[in-house]
Amino acid sequence: MAPGCTVSRLNKFLRERYLNLPQGEFCQVTYVWIAYCGMDLCYKTRTMDFTPKTIADIPEWDTIGQTEGFSTEMPLAPACMFRDPFLLDPNKLVFCEVLKNTREPAESNHRNSCNKIMEKIKELHPWFGMEQEYTLLGVDGHPFGWPRLGFPKPQGTYYRCVGADRAFGRDIVECHYKACLYAGIKISGTNPEVMPSQWEFQVGPCEGIEMGDHLWMVRFLLHRVCEDFGVVATLDPKPMTGDWDGAGCHINVSTVQMRAEGGIEHINKAIEKLRKRHAEHIRVYDPNGGEDNKRRLIGCQVFSSINDFSPGVANRGASIRIPYRVAQNKCGYFEDRRPAANCDPYAVTCAMARTCMLEGEEELK
């Protein structure tokens, strides 16, 4: 329980008494969507008198949005559905696209354009995996588990380590992992990171639009689990100044051609295309046009410089890493280490597809 948090002091055992009440034939469906700012997540819940089996069974709803300075109703278009690990079966979580009342995508809705690009390249069977780093904070903004005055021991003993003096917040991480598995999300792993109170989870491989769908829902579950513990998860790319690591969201990329024998040729071609668009990708890799990544991509620790493009084999300080085994097998995937922790996975995967997989030149947006 985090100090100073009233939410975490609520009686969870009393709560369970009500959650265990029978609900008959009814189903609680929680709609989740990206807020107007493009970084926060919102939700609300409705009752349905049957249990939906597919996303087609979920009706549209609406939210209140800000567009062109006015408050207006904006449709919520259901996109994908998951099991609800908080209210349990038969209840559902539904991730939605936000639309304007003209049916055009809202400014924060990058899923719409991403899905169109993924349809164009579906014969390439693009696989993505994203490594989401995040930092746990108290509600006062102080890193969870850090001394109230001063700092913990310097970095070097926390990465993938165990012990009460090294791993801060493991209960939260493991509960989040189980919640994701229950929901049906393609979470593939988790580990403590370099800075104390910093963790990472991996999602994927996911094909096409599924990458963004699953990563956004995993983020929702993370915030929701942290709420139960009275702790805050931040995706700030550099939550602590000084000699403390920042947080990224590395993306691993593969097509059917890259996975085939001799696929290293296609990997190298994709990397050269990325080299030509380094500045354009940097602008897409955080929600503030690259400004957030300026604090993180500083050219030291395990971070490349925001100004340079630097591919390398087994080099975690490079912009693009070709894993050692991929270089040996001459096929597989590559990793782009530039995306910031608070990136929009729809924008990142869309940019990657436009640059590396589409024939002809498509301008990044």
For residues [X] and [Y], is any side-chain donor paired with an opposing acceptor at under 3.5 Å?
X: N109; Y: E104; answer: no
X: S304; Y: S310; answer: no
X: T355; Y: H281; answer: yes

Intermediate values then yes/no, side-chain contact (heavy atoms from CB on, under 4.5 Å), I282 and H278: CA-CA 6 Å; I282 287 295; H278 174 66; 3.7 Å; yes

Taking all atoms of both residues into account, what is the closest heavy-atom pair of [X] and [Y], and its distance?
X: M240; Y: P143; result: SD-CG, 3.6 Å
X: P59; Y: P78; result: O-CG, 3.5 Å
X: E60; Y: R46; result: O-NH1, 3.5 Å
X: M357; Y: I121; result: SD-CD1, 3.5 Å
X: C331; Y: A260; result: CB-O, 3.0 Å
X: A341; Y: Q132; result: O-NE2, 3.0 Å

The remaining residues in the hydrophobic cluster of V256, counting side-chain heavy-atom contacts under 4.5 Å among Ile, Leu, Val, Met, Phe, Trp and Tyr, are none

For L88, which fellow cluster members are found when Ile, Leu, Val, Met, Phe, Trp and Tyr are connected by side-chain heavy-atom distances below 4.5 angstrom, either directly or through intermediates? Y182

Please determine whether the number of non-hydrogen atoms from other residues, nucleotides or ligands lying under 6.0 Å from atom [atom1] of [X] exceeds 12.
X: E16; atom1: CD; result: yes
X: K44; atom1: NZ; result: yes
X: E123; atom1: CD; result: yes

Report the residues that fulfil salt bridge (charged side-chain N to carboxylate O under 4.0 Å, His left out) with K269, sequence neighbours left out, ordered by chain and then residue number. E265

Under the salt bridge (charged side-chain N to carboxylate O under 4.0 Å, His left out) test, residues paired with D236 that sit two or more places apart: R295

Same cluster (ILVMFWY, side-chain, under 4.5 Å), [X] and [Y]:
X: Y43; Y: L222; value: yes
X: I271; Y: L124; value: yes
X: L19; Y: F26; value: no
X: V326; Y: Y324; value: no
X: W127; Y: Y333; value: no

[X] (side chain) donor-acceptor with [Y] (main chain) under 3.5 angstrom:
X: D57; Y: T54; answer: yes
X: R321; Y: D336; answer: no
X: T135; Y: T234; answer: no
X: E131; Y: T190; answer: no
X: T255; Y: P126; answer: no

Run through T63, D62, N101 and flag the one making a side-chain hydrogen bond (donor to acceptor under 3.5 Å, both in side chains) with T72. N101

According to side chain to side chain donor-acceptor pair (under 3.5 Å), who are the partners of H125, at least two apart in sequence or on a separate chain? E207

At what distance, to the nearest 0.5 angstrom, does [atom1] of [X] lie from [atom2] of [Y]?
X: D228; Y: H223; atom1: CG; atom2: NE2; value: 14.0 Å
X: Y177; Y: L221; atom1: OH; atom2: CG; value: 14.0 Å
X: R283; Y: N288; atom1: CZ; atom2: CG; value: 14.0 Å
X: R170; Y: I172; atom1: CZ; atom2: CD1; value: 12.0 Å
X: R219; Y: L41; atom1: CZ; atom2: CG; value: 8.0 Å
X: Q328; Y: I264; atom1: CD; atom2: CD1; value: 10.5 Å

Testing W61, F82, F220 for ring-ring contact (aromatic ring centres under 6.0 Å, His included) with Y31, which one passes? W61

Are [X] and [Y] within salt-bridge range, i.e. N to O under 4.0 Å?
X: K238; Y: E133; result: no
X: E119; Y: K116; result: no
X: D286; Y: R338; result: no

Do [X] and [Y] have side chains that approach each other closer than 4.5 Å (heavy atoms only, starting at C-beta)?
X: Q28; Y: D84; value: no
X: I320; Y: L274; value: yes
X: Q202; Y: N252; value: no

Would you list the atom pairs, donor with acceptor, under 3.5 Å between side chains in residues 342-349 and any protein atom, with sequence neighbours excluded?
unit_1	atom_1	unit_2	atom_2	d
N342	ND2	D292	OD2	2.8
D344	OD1	W216	NE1	3.2
D344	OD1	Y346	N	2.9
Y346	OH	D213	N	3.4
Y346	OH	D213	OD1	2.5
T349	OG1	P345	O	2.8
T349	OG1	Y346	O	3.3

Intermediate values then yes/no, side-chain contact (heavy atoms from CB on, under 4.5 Å), V203 and M211: CA-CA 8 Å; V203 179; M211 184 69 255; 3.7 Å; yes

Qualifying residues under ring pair (Phe, Tyr, Trp, His ring centres under 6.0 Å), relative to W146, sequence neighbours excluded: W244

I'd like to check the ring pair (Phe, Tyr, Trp, His ring centres under 6.0 Å) partners of F201; sequence neighbours left out, ordered by chain and number. Y134, H176

Inter- and intrachain pairs under salt bridge (Lys or Arg N to Asp or Glu O under 4.0 Å), touching residues 89-98, at least two apart: R83-D89, E97-R111

All pairs passing salt bridge (Lys or Arg N to Asp or Glu O under 4.0 Å) where residues 171-197 contributes a residue, at least two apart: K186-E210

Is there a side-chain contact (heavy atoms from CB on, under 4.5 Å) between M130 and I251 once you walk through the steps? CA-CA 4 Å; M130 298 189 79; I251 180 170; 4.0 Å; yes

Excluding sequence neighbours, so at least two apart, what forms side chain to side chain contact (heavy atoms under 4.5 Å, CB included) with R17? L14

What residues form a side chain to side chain contact (heavy atoms under 4.5 Å, CB included) with D40, not counting sequence neighbours? A35, C37

R224 NZ/CZ over F86 ring centroid, <6.0 Å and within 45° of normal: yes

Using side-chain contact (heavy atoms from CB on, under 4.5 Å), reason through N112 and C114 one step at a time and then give a plain yes or no. CA-CA 5 Å; N112 192 277; C114 181; over 6 Å; no

